[in-house]
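Please read the structure below before turning to the comments.
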Amino acid sequence: MFIHRSIPGSYMMAKPCDSQQIMAEEAFDVMVVGSCMTDLVSQAPRLPKAGETIHGHKFFIGFGGKGANQCIQAARLGAKTTMVCKVGKDFFGDNYIQNFKDNGVNTDFVEQTSSAATGAASIIVNDAGENAIVIVAGANLLLGSEELQKALPAISRGKVLVCQLEISPQTSLQALRMAQENKVKTIFNPAPAIPDLDTGFYRASDVFCCNESEAELLTGSSVTNVEEAHRAAQELLQRGCGSVIVTLGPQGCVVLEARDSTSKHVPTTAVTAVDTTGAGDSFIGALAFYMAHYPTMPLEEMTRRANQVAGVSVQVVGTQTSYPFRKELPAELF
């Protein structure tokens with residue numbers, strides 16, 4: 001369902017009213033509490049040595065950050081989305097807010113601060129595709145309880161809330177708990193992974209979705225194939241999650257639900273990948289869309305469809321620029 005936008009930064013409801021009322025009345029399909037990063041990408045023949053200056057051959061600025069990526073993929077599939085995040089009062093922050101608006105994401109809960117710069121990632125990519133990245137989280141780390149309280153009326157009426165770990169972990173955990181208390185479905189993506197993850201995250205996750213390297217760090221066991229992913233999913237589920245998805249790139253996913261004793265392998269269609277950056281975020285954004293729009297669909301089927309969406313994204317260079325719109329996808333996915 002595409003939403004007709006008549007007021008910048010918000011969506012029209014039944015009749016014109018002030019923005020406070022709109023905020024109070026609105027119910028979002030997908031709410032993402034998370035990060036925004038501006039990617040500053042330089043392509044060069046090789047990575048420079050310490051103290052060395054080399055010539056690159058291409059530079060571009062992209063929009064990234066796991067939270068924003070996931071939100072934009074959900075929006076492009078037709079979900080009514082809002083982002084709870086913090087950016088700087090700077091050029092990059094202004095641009096990011098405009099990027100959300102351009103993608104139909106509600107920005108009522110995007111705050112700008114003078115206390116830190118918008119999160120940024122400086123990325124150098126060599127001709128072999130290897131990269132060196134410096135991430136400065138900046139304003140992302142200032143997102144806290146105060147901003148969550150402001151968003152609570154919307155959180156309590158949402159369908160699905162998504163969190164990751166590029167903001168303060170305590171902020172993510174608080175958001176997940178607030179959602180659960182209001183019977184809102186939660187998806188938690190423990191990325192970038194931290195070994196000493198608060199055990200509360202497992203209990204606060206209706207869907208705990210990680211990739212093989214994150215599953216390996218959290219369980220302490222190797223996760224390189226489907227068999228090992230089955231074992232990791234069992235262990236993670238025992239920690240209190242409603243269900244676990246372990247993504248394995250070209251090997252598909254393993255899905256395990258609390259009410260099932262056996263995990264299921266969901267294979268994926270082979271595609272020729274040109275750029276896998278942000279594919280995991282495309283998957284989670286698509287999963288959030290399916291959970292909001294098709295609540296009775298089996299998780300296994302949602303996972304299969306989300307895999308297909310992510311499979312389209314890896315065939316295009318870039319992160320958010322590679323995320324497909326609903327109209328670009330086969331009708332049977334909807």
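The shown structure was predicted, so the numbers you read here are calculated from the model rather than taken from an experiment. Here, residue 1 is the first one in the sequence, and each next residue gets the next number. Side chains are part of it too, since the values below use all heavy atoms of this structure and drop only hydrogens, waters and symmetry mates.
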Answer yes or no: is there a side-chain heavy-atom contact under 4.5 Å between [X] and [Y]?
{"X": "Val207", "Y": "Leu287", "result": "yes"}
{"X": "Met31", "Y": "Val84", "result": "yes"}
{"X": "Phe100", "Y": "Ile72", "result": "yes"}
{"X": "Gln170", "Y": "Asp198", "result": "yes"}
{"X": "Gln315", "Y": "Thr272", "result": "no"}
{"X": "Lys185", "Y": "Leu161", "result": "no"}
{"X": "Asn126", "Y": "Pro45", "result": "no"}
{"X": "Asp206", "Y": "Gln180", "result": "yes"}

Nonpolar side-chain network containing [X], other nodes, edges under 4.5 Å:
{"X": "Val41", "answer": "Met37, Phe60, Ile123, Val125, Ile133, Ile135"}
{"X": "Leu40", "answer": "Phe59, Ile61, Phe91, Phe92"}
{"X": "Val274", "answer": "Val317"}

Give a yes or no answer on whether the side chain of [X] reaches the backbone of [Y] with a donor-acceptor pair at less than 3.5 Å.
{"X": "Ser282", "Y": "Ser313", "result": "no"}
{"X": "Asn140", "Y": "Cys36", "result": "yes"}
{"X": "Ser263", "Y": "Leu256", "result": "no"}
{"X": "Thr113", "Y": "Lys86", "result": "no"}
{"X": "Arg239", "Y": "Arg203", "result": "no"}
{"X": "Glu214", "Y": "Asn211", "result": "yes"}

Between [atom1] of [X] and [atom2] of [Y], what distance do you get to the nearest 0.5 Å?
{"X": "Ser122", "Y": "Asn131", "atom1": "OG", "atom2": "CG", "result": "12.5 Å"}
{"X": "Met178", "Y": "Ile155", "atom1": "CE", "atom2": "CD1", "result": "4.0 Å"}
{"X": "Leu148", "Y": "Thr171", "atom1": "CG", "atom2": "OG1", "result": "6.0 Å"}
{"X": "Asp108", "Y": "Lys150", "atom1": "CG", "atom2": "NZ", "result": "12.0 Å"}
{"X": "Thr82", "Y": "Phe109", "atom1": "OG1", "atom2": "CZ", "result": "5.5 Å"}
{"X": "Leu176", "Y": "Cys163", "atom1": "CG", "atom2": "SG", "result": "4.0 Å"}

* To do: Find out whether the Lys NZ or Arg CZ of Arg157 is both under 6.0 angstrom from the six-membered ring centre of Phe28 and within 45° of the ring's axis.
  =>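 No.
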* **Pairs flagged by ring-ring contact (aromatic ring centres under 6.0 Å, His included) wherever residues 230-285 is involved - sequence neighbours left out** =>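 Checked against ring-ring contact (aromatic ring centres under 6.0 Å, His included) - neighbours excluded - no pair reaches residues 230-285.
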* Asked: Which residue pairs satisfy the ring-ring contact (aromatic ring centres under 6.0 Å, His included) criterion with at least one member in residues 156-198, sequence neighbours excluded?
  ->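 Checked against ring-ring contact (aromatic ring centres under 6.0 Å, His included) - neighbours excluded - the pairs reaching residues 156-198 are Phe188-Phe201, Phe188-Phe208.
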* **Qualifying salt bridge (charged side-chain N to carboxylate O under 4.0 Å, His left out) pairs, either residue in residues 266-286, two or more places apart** =>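 Applying salt bridge (charged side-chain N to carboxylate O under 4.0 Å, His left out) to every pair that reaches into residues 266-286, excluding sequence neighbours, yields nothing.
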Heavy-atom pair with the smallest gap, counting every atom of [X] and [Y]:
{"X": "Cys209", "Y": "Asn189", "value": "O-ND2, 3.1 Å"}
{"X": "Asn307", "Y": "Pro267", "value": "ND2-O, 4.4 Å"}
{"X": "Thr186", "Y": "Ala179", "value": "CG2-CB, 3.7 Å"}
{"X": "Gly242", "Y": "Leu237", "value": "O-CD1, 3.9 Å"}

Donor-acceptor list for residues 48-55 side chains, cut-off 3.5 Å, not counting sequence neighbours:
| from | atom 1 | to | atom 2 | distance (Å) |
| --- | --- | --- | --- | --- |
| Glu52 | OE1 | Arg46 | NH1 | 3.1 |
| Glu52 | OE1 | Lys49 | N | 2.8 |
| Glu52 | OE2 | Arg46 | NH2 | 2.6 |

* Take Val314 and Ser322 through the test side-chain contact (heavy atoms from CB on, under 4.5 Å) and record every step on the way to the result. => CA-CA 7 Å; Val314 302; Ser322 74; over 6 Å; no
* **Residues that Asn95 engages under side chain to side chain donor-acceptor pair (under 3.5 Å), provided they are two or more places apart** =>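 With sequence neighbours excluded, Asn95 shows a side chain to side chain donor-acceptor pair (under 3.5 Å) to no residue whatsoever.
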* Asked: With the threshold set at 4.0 Å, does a side-chain nitrogen-carboxylate oxygen contact exist between Glu301 and Arg305?
  ->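 Counted as a salt bridge, because a side-chain N and a carboxylate O are separated by less than 4.0 Å.
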Salt bridge (Lys or Arg N to Asp or Glu O under 4.0 Å) against [X], all qualifying residues, sequence neighbours excluded:
{"X": "Lys159", "answer": "Asp29"}
{"X": "Glu181", "answer": "none"}
{"X": "Glu216", "answer": "none"}
{"X": "Asp260", "answer": "Lys264"}

* Kindly work out whether a path of hydrophobic side-chain contacts (I/L/V/M/F/W/Y, heavy atoms less than 4.5 Å apart) joins Val110 to Leu141. =>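 Result: no, two separate clusters.
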* **Ser156 vs Asn182, side chain to side chain donor-acceptor pair (under 3.5 Å): CA-CA, chis, key distance, verdict** => CA-CA 5 Å; Ser156 65; Asn182 287 283; 4.5 Å; no
* Asked: Do Asp94 and Gln112 pass the side chain to side chain donor-acceptor pair (under 3.5 Å) test, and can you show the C-alpha distance, the side-chain angles, and the key distance before you say yes or no?
  -> CA-CA 9 Å; Asp94 294 343; Gln112 283 186 285; 2.9 Å; yes
* Asked: Crowded around Glu328 CD? As in, over 12 foreign heavy atoms under 6.0 Å?
  ->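 Yes - once you tally the heavy atoms of other residues, nucleotides and ligands closer than 6.0 Å, there are more than 12.
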* Audit row: Glu300, Arg304, salt bridge (charged side-chain N to carboxylate O under 4.0 Å, His left out) steps and yes/no -> CA-CA 6 Å; Glu300 203 180 336; Arg304 188 186 69 77; over 6 Å; no
* To do: Determine, step by step, whether Thr81 and Asn106 satisfy the side-chain contact (heavy atoms from CB on, under 4.5 Å) criterion, reporting the C-alpha distance in whole Å, the side-chain angles of both residues, the deciding distance to 0.1 Å, and the verdict.
  => CA-CA 6 Å; Thr81 56; Asn106 172 285; over 6 Å; no
Can you confirm whether the side chains of [X] and [Y] place a donor and an acceptor under 3.5 Å from each other?
{"X": "Ser35", "Y": "Glu166", "answer": "yes"}
{"X": "Ser145", "Y": "Gln174", "answer": "yes"}
{"X": "Glu228", "Y": "Ser222", "answer": "yes"}
{"X": "Gln320", "Y": "Asn103", "answer": "no"}

* Asked: Should Val162 and Ile284 be marked as a side-chain contact (heavy atoms from CB on, under 4.5 Å) after you check the CA-CA gap, both sets of side-chain angles, and the distance that decides it?
  -> CA-CA 8 Å; Val162 187; Ile284 286 176; 3.8 Å; yes
* To do: Given side-chain contact (heavy atoms from CB on, under 4.5 Å), test Val309 with Leu333 step by step and report yes or no.
  => CA-CA 9 Å; Val309 174; Leu333 285 180; 4.3 Å; yes
